[in-house]
Amino acid sequence: MLTTTIAALLTLGAMSLVWKENIVSRFIEHLILGISLGYGVVLTYRQIFLRLFWVPVTTDFAANWILILPTLIGALWLAQPFQKVRWLSLIPLAMVLGAFSGLGLERIMSSYIIEALEGTVKSLYVAGDLQKSFDHVVIWLGVVCILSYFYFRRIHNPALEKAHEYTRIVGIWWLMASFGVSFGFTVMARAALLIYRIQFLTQDWIGELIKIASGGGM
Amino acid sequence: MQRNIPLFLVFILGIIYVLLTFIETSWSEGAVRLASSWAPLLSMWAIVPATYVTLASYGRRLTKRDRNPTTQKAILAGVTYVAFFTMLISGLKSNAEGSLFDWMFRNIQIPVTSTMFSLLTFYIASAAYRAFRVSRAHTSLLMVFAVLVMVTNTGMHTYIPFGQYWNEFSTWFLMTGNVAAKRAILIGVAVGMLATNIRIIFGIERSWMGGGA
Amino acid sequence: MNRSILINVLLVVVLPIVLLLIFPYTNQHAGDLFLGFFPVDKTVSFIALVLLISVIVKYAYEQKSHASEIREVIPRKFIREGIGRCAEMGRPCMFVPGTSSPSDVATIAGLAIGSVTIDEAIDLDVFIDSPQRDYMVMPITKSLLEERAMLKGRPDYPSTHSDVFLASTVQFTHAQLVAGRLERDRHGFAVFAGMFWAEMLIMLEAATMNGAMVLSGVDSVVQMPFAVAASDKALLGEELYAAGAQLSEEKRLVNSVVAQDLIKSLLFTALIVGALATTIQSFF
Amino acid sequence: MWKKIFTTRVIINTVVLISVVLGVYLPIKITMPLSPEVQNAVHLIENAEPGSTAMISINYAGSSIAETEPIAVALIRLCFLKDVNVIICGFFPEPAQLAEGVISTLGKTYGKKPGEDYLNLGLCYPYDAFILGWGRDYKQQTGSISVGDMVHLDPSEYTDLVTSNPSVESVINSIATTIGEDRYIAAHLLDQHQEELGETVYQLLKEQLETVTRDDWPILQPIDGFGDLLFCADITGTSSYQSWIIWSSDYRDEITYFAGTTAISAPEAYQFLQAEQMISVIPGYRGATEIETYVNNQYQSADLFRKQMEQAGFPKEVIAAYVGGASRGMPSLALVHACILILVLIGNIQYFLNRKKEA
């Protein structure tokens, strides 16, 4: 019960932030900052340092000795606060960044661009199904117009430039319409969460309190 | 010279790993696995200087050496310090269920973060109130479609004449117009991501190194 | 002159068609290996990537600047105005480069916008407040600030005029801290650019409610509606990636944005030719 | 003074909060007609022959549970009321646990027999292999799917062996969970670790693997692949519904598939509806309410359901969570939406009034 009460009071305190920033929410903010910082350090220590480095190396040194190398290079981050040797901390960062930039290219190309093109490049006419043909035309048109909104270069051909101007306008309005739809759905999702939280407050906590007050016990 | 070492590393590793994605042999798979097993070890140490900076920043408040020091700020910074070290010491000792670390995480951290998450409704309401004005041409269309979806999502359209057409229209738009928009955005984003990745590999984009280009 | 037109035609018209033609073939051979190591189904993405890299690198290292050829994604004036507002009202400026790690490229794009903001802030002596969520991005932002200050001859600036720190690695704790700071210090200008999740709306709304001018940049489709609704200027999707490059006014970066557009015109060809071809095909 | 306290922001937030709290307590009933994108799935179950089998994978956890669990409850209720058998699985550890709770509670309520009327396959990881496995021809590969939780490869049976060699425990555990989804992968894992496990444990496990075949579970006997399933569905808080589409693409003619998603990922899911890769999308709270109202009106009212759960002997909290899981929150949801709509309206009226004043 004490635990529930603490959780409920913290919930109320954090909630008060949306009305006005106050001393309670300020206190919670600082408390949570400390807790989550500590949590982050402990988690990094346990999940990464112990689990991925210390335990493998100490239990089976012959197979995992190579892990010492990245750990030592990673330790160059400790040079960060010192102006003169700061560039050393860029080395582990460069390694991570380089590897992941390289690995990302093919994945982005195939799973974003090629897949989207594959979905869009469809016959604009489906025999005997006007509705479907219309849908395909709409999708195709939408992709072309919106993509042209993201075209930044100035076009020198006057006819093309005029066309681009129109497709850009269609594109931005189209984008807004689709954002509207997402917005509407997100309202539903977020409201569901709030309702869940309020149900906790009104039923779990206040309900329990009432039960205790009326002698119902824990 | 000093700047060239990281730039060189990014370039070499970037090129190697691009090529590795196009090679399907056991050793190339091993190399890819190597990257994902090394990455956490390469980056874990960064939490030490990062946490140090935060502690130093709040330490300045604690000792009233910051911009406009007040007693309240100092006390609050003290709260942060106490919470941090309690968490650190108890967590290094044990993070099992029932430990102080676990208790604080479950009963202080989780309720507050999930409350923050649920507060989004309030922020959405005030954003809608402020932003959805016909005066802002673009957002007015956003508003119209948001209203359409919000009405159909709660069944209010059943009380409106021709309400079922609203529903059918919103379903149709979700299947076509909305799909087109998402696809086009994704293509655009993908081109941007590819270009930025290539800029990083070839040392054209250097903001990650601190300086400009 | 003639040669460059020929190359452009080749790039923008012929290549997409070739790629479209070989695509169905490579798709049929998913799982097959060429020469024992090259996956056949990746042929198209391989050719496309080689093309892309060579176009971007070629443009980036060109002598000529293409800056005049692209429209302004976001005027530098906007950022100057925001920082000017801070200076006038004596308020700090907030900058959050997303809440993801640097291996998410959106973070790097956000930092590129941040470096311009920092430049302007140093010029006008504006305090920079930057609570971070990722422990690798935080040192980057800090050294970005320190290097910019050094270049401008203000080595003491970071210690007196900035608070760049790791707020928390937990999503909503970070959001709560940013919102709390925005409420207390009433920042004049707030820049949120990078990769964000649901917490973005909390930060954007908190900034706007407290009278800040807000610039946001997102590449996540789900968050875009909120960026549009709750900020003064929203950089959507690709604009985020182009903005940093363009704002920097760095020749190589600007040229690479032009290259990006060339790739898009390639995509347009593929879209148009592909749709036409499949439609004609469906009649037979 | 008043103006300082009652700022726009305070008013907006208070109104929103009041509407949520009111919605929790007010006895309003909101009925939702079936929308076009949901009704396909409902009609499919409605027109099914009694005794046909459906497969539902459950992949929600954490913060999305508020929206998605009601979908699962409503769907399974409809299936049970129409005498449709249900096979349940989860692709990740936490959802798999939640799935067990849902199916066993509803199974007990409706007096269904495990193994005959419903079956929980447990954790099915890696899910790509699992989905592909279902598409294969089963008659040729007897036993390639199996029975997860029900095999009960309880590590405690091997306690003495485990204590003598601690590293064995994790191997056994991983094999135990793998058996839940693909016998072949489990057998492969077993062979790989033969030396590590030692001959006795190896033989024991191998026996376990071979003794239980798919024929032991009557529910699985008439099923040879996707074609024999009434439908496959994924109820999820992430984008895992897409993995069904990707991995079952070779059997597109056979599989009937739909997804229940959170409202956040719903707009993205509609594209698969257009491409006819899904027959239905059940978007979050709204979809759950639609199905729930439909079931309550057509087959079994909420009161009857509550009574039946009480008879089955479930505690109050469980009943409260299951009966009207979605429609209980619907009044709040509708009020919040109405609130926002009214706020937008007021904002616009204010804008027009101000403009008139200026003009």
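Because only heavy atoms are used, hydrogens play no part in the values below, and waters and symmetry mates are left out as well, while side chains stay in.
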Exercise. Say you draw a straight line from OG1 of T80(B) to CG of L177(C); how long is it, rounded to the nearest 0.5 Å?
Worked result: 8.5 Å
Exercise. What part of S231(C) lies closer than 4.5 angstrom to a heavy atom of chain B: side chain, backbone, both or neither?
Worked result: backbone
For this session: Could you have a look at K182(B), H138(B), R130(B) and say which one has the most heavy-atom pairs with chain C under 4.5 angstrom?
Result: R130(B)
Seminar exercise, completed: When the 4.5 angstrom heavy-atom criterion is applied to I185(B) and chain C, the contacting part is side chain
Problem set entry | chain C contacts, top residue of L119(B), L120(B), N197(B), D66(B) (heavy-atom pairs, under 4.5 Å) | L120(B)
Exercise. Taking all non-hydrogen atoms of both residues, which atom of R67(B) and which atom of P92(C) are closest, and how far apart?
Worked result: NH2-CG, 4.3 Å
Exercise. Are V189(B) and V221(C) side-chain neighbours, meaning at least one heavy-atom pair lies under 4.5 Å?
Worked result: no
For this session: For atom NZ of K93(B), decide whether the heavy atoms of other residues, nucleotides or ligands shown that lie under 6.0 angstrom number more than 12.
Result: no
For this session: Enter the distance from W27(B):CH2 to F37(C):CZ here, rounded to the nearest 0.5 Å.
Result: 8.5 Å
Problem set entry | Most chain C-contacting option - heavy-atom pairs closer than 4.5 Å, from L186(B), L55(B), I124(B), T115(B) | I124(B)
Exercise. Is any NZ, NE, NH1 or NH2 atom of the basic residue among E250(C) and R206(B) found under 4.0 Å from an Asp or Glu carboxylate oxygen of the other?
Worked result: no
Seminar exercise, completed: Whatever's closer than 4.5 Å to a heavy atom in chain B on L33(C) counts as side chain
Problem set entry | Atom group of S256(C) that falls short of 4.5 Å from chain B, counting heavy atoms | both
For this session: Against chain B, work out which of I56(C), V116(C), T141(C) has the most heavy-atom pairs shorter than 4.5 Å and name it.
Result: I56(C)
Problem set entry | Gap between atom OG of S207(B) and atom CG of L111(C) - 0.5 Å precision | 5.5 Å
Exercise. Is any side-chain heavy atom of I204(B) closer than 4.5 Å to a side-chain heavy atom of Y61(C)?
Worked result: yes
Exercise. Do other residues, nucleotides or ligands put more than 12 heavy atoms under 6.0 Å from M150(C) CE?
Worked result: no
Problem set entry | Most chain C-contacting option - heavy-atom pairs closer than 4.5 Å, from T25(B), I23(B), V18(B) | I23(B)
For this session: Would you mind checking which part of D219(C) comes under 4.5 Å of any heavy atom in chain B, side chain (CB onward), backbone (N, CA, C, O), both or neither?
Result: both
For this session: Using modelled atom types only, decide if a donor and an acceptor are shared between the side chain of T113(B) and the backbone of F172(C) within a distance under 3.5 Å.
Result: no
Exercise. Considering only heavy atoms, which portion of P39(C) lies under 4.5 Å from any heavy atom of chain B: side chain, backbone, both, or neither?
Worked result: both
Exercise. Based on non-hydrogen pairs under 4.5 Å, which of M143(B), R61(B), R60(B) is most in contact with chain C?
Worked result: R61(B)
Seminar exercise, completed: If you tally heavy-atom pairs under 4.5 Å between each of W45(B), Y58(B), F122(B), Y52(B) and chain C, the highest tally belongs to Y58(B)
Exercise. How long is the gap from CE on M209(B) to CG on L144(C), to the nearest 0.5 Å?
Worked result: 11.5 Å
Seminar exercise, completed: Whatever's closer than 4.5 Å to a heavy atom in chain B on A245(C) counts as side chain
Problem set entry | chain C contact via S43(B) - side chain, backbone, both or neither, heavy atoms under 4.5 Å | both
Problem set entry | Contact origin within L145(C) toward chain B - heavy atom pairs under 4.5 Å | neither
For this session: Identify which part of I198(B) has an atom lying under 4.5 Å from any heavy atom of chain C, answering side chain, backbone, both or neither.
Result: side chain
Problem set entry | For the student: nearest non-hydrogen atoms of S126(B) and M209(C), plus distance | OG-SD, 4.2 Å
Exercise. Heavy-atom distance under 4.5 Å between the side chains of L267(C) and V191(B), does that happen here?
Worked result: yes
For this session: Check whether any side-chain heavy atom of T51(B) lies under 4.5 Å from a side-chain heavy atom of L166(C), and answer yes or no.
Result: yes
Problem set entry | Heavy-atom contact with chain B under 4.5 Å, split by part of V257(C) | both
Seminar exercise, completed: Rounded to the nearest 0.5 angstrom, the CD-OG1 distance for Q109(B) and T173(C) is 4.5 Å
Problem set entry | Contacting moiety of V228(C), where chain B heavy atoms sit under 4.5 Å | both
Exercise. So which part of F34(C) gets closer than 4.5 Å to some heavy atom of chain B, the side chain, the backbone, both or neither?
Worked result: neither
Seminar exercise, completed: Honestly, the part of K264(C) sitting under 4.5 Å from a heavy atom of chain B is side chain
Seminar exercise, completed: Under 4.5 Å to a heavy atom of chain B? For T208(C) that would be side chain
Exercise. Hey, mind stepping through F202(B) and I53(C) against side-chain contact (heavy atoms from CB on, under 4.5 Å) and telling me if it holds?
Worked result: CA-CA 9 Å; F202(B) 285 88; I53(C) 292 176; 3.5 Å; yes
Exercise. At a heavy-atom separation under 4.5 Å, does L35(C) approach chain B through its side chain, its backbone, both, or neither?
Worked result: neither
Seminar exercise, completed: So CD1 of I108(C) and CD1 of I200(B): to nearest 0.5 Å the spacing works out to 4.5 Å
Exercise. What is the minimum heavy-atom distance between A206(C) and Y123(B), and which atoms define it?
Worked result: N-CE2, 4.4 Å
Problem set entry | Plane angle bin for F22(B) and F38(C) - parallel if under 30°, tilted between 30 and 60°, otherwise perpendicular | parallel
Seminar exercise, completed: Okay, M224(C) and chain B: the region with an atom under 4.5 Å from a heavy atom over there is side chain
